[in-house]
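Nothing fancy with the numbering, it's 1 onward along the sequence.
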Amino acid sequence: MLLQTLKLSIENHIAHVILNRPEKANALNQSAWDEIKEIFENLDENPEVRVIVLEGGESNHFCAGIDLSLLMSVSQTDINCEGRRREKIRKDVFRLQAPINAIENCSKPVLVAIHGGCIGGGIDLICACDMRYCTEDAYFTIKEIDMGMVADLGTLQRLPKLIGDGLVREMAYTGRNVDGKEAEKIGIVNRVFPDKSVMMEEVFKLAATIASKSPLSIRGTKHILLHTRDHSVADGLNYMATWNAAMLLSSDLQEAFMAKMQKREAGFED
């Protein structure tokens, strides 16, 4: 895969994905959106990968949001028919939503490490991840309101599942910055760290722990958690019973039991 705006490496079952437009504060242009979708769909199918770490690399900011040139290209068209013009814009929005959906739908847990600004489309990105971590100097802002827009790529759908409804409304209506410590307090991130080096060390430790677990069970747990988020308890329990009827009797289950009895580390196939 020839990448222009991202970097990818895989080691010890951990995929390391880096946003790589430091000269543009990791603003997401069309190439970045295309590459995010392609990478996460490929990682979903790659049996060598058990967990993914996403971060902002050498940029001063994790992500400055959608590149303004891309935003302008979506709003500009030479189609004369008003109905067809609106239809095209709707399809364009769906295309921009697809890479974010690819992160959420990836069967492998995605841990995101955030430093500096996480702005606009950056919020869309992190809300689709499984766990979020940041530095003290990080800040989060739903910037679309200051551009005369309604955030349309997932922030307003996913963030209310992570933090209180009133807090989402405050952020979305005002566009104010939420710093790292407040982000931890209100639940945007799991944990805040003093600097990036400490954060990356701790995030990779956590990723290694996840990578050591049964891959089948990790993938199943993520799937069930996503299903549970969007269904009632009764529906979730019914679905869970059907899931385990199909997936419970695996070689991973046997290996976990044997490892415990033999007082050794379990070793699971990909």
Taking [X] for the side chain and [Y] for the main chain, is one N or O donor matched with an acceptor at less than 3.5 Å?
X	Y	result
D130	L111	no
R132	V189	no
S59	F62	no
Q4	S31	no
N42	E38	yes
N12	I14	no

Exactly one of N20, T5, N29 clears side-chain hydrogen bond (donor to acceptor under 3.5 Å, both in side chains) with E35, and that residue is T5
Student check: side-chain heavy atoms of I123 and C118 closer than 4.5 Å = yes
Before accepting this row, confirm whether a basic side-chain N of the pair E202/K205 lies closer than 4.0 Å to the acidic partner's carboxylate O.
-> yes
Going by an N to O cut-off under 4.0 Å, is there a salt bridge joining E58 and R21?
-> no
Got a sec, which residues hit side chain to side chain donor-acceptor pair (under 3.5 Å) with [X], two or more places apart in sequence or on another chain?
X	answer
D252	S214
R95	D92
N101	R158

Verdict with supporting geometry, Y239 and H227, ring-ring contact (aromatic ring centres under 6.0 Å, His included) | CA-CA 9 Å; Y239 187 77; H227 181 276; 3.9 Å; yes
Cut-off 3.5 Å, side chains only: do D124 and T155 have a donor facing an acceptor?
-> yes
Modelled atom types, side-chain donor and acceptor of H16 and E55, under 3.5 Å | yes
Decide side chain to side chain contact (heavy atoms under 4.5 Å, CB included) for F40 and I52; before the verdict, give the C-alpha distance in whole Å, the side-chain angles of both, and the deciding distance to 0.1 Å.
-> CA-CA 9 Å; F40 280 90; I52 302 163; 4.0 Å; yes
Give the cluster check for I218 versus L216: same hydrophobic cluster or not, with ILVMFWY residues linked at side-chain heavy-atom distances below 4.5 Å.
-> no
Take W243 and H223, measure what ring-ring contact (aromatic ring centres under 6.0 Å, His included) needs, and give me the verdict at the end.
-> CA-CA 10 Å; W243 177 273; H223 181 85; 4.8 Å; yes
Value for CZ (R219) from CD1 (I224), rounded to nearest 0.5 Å, stands at 13.5 Å
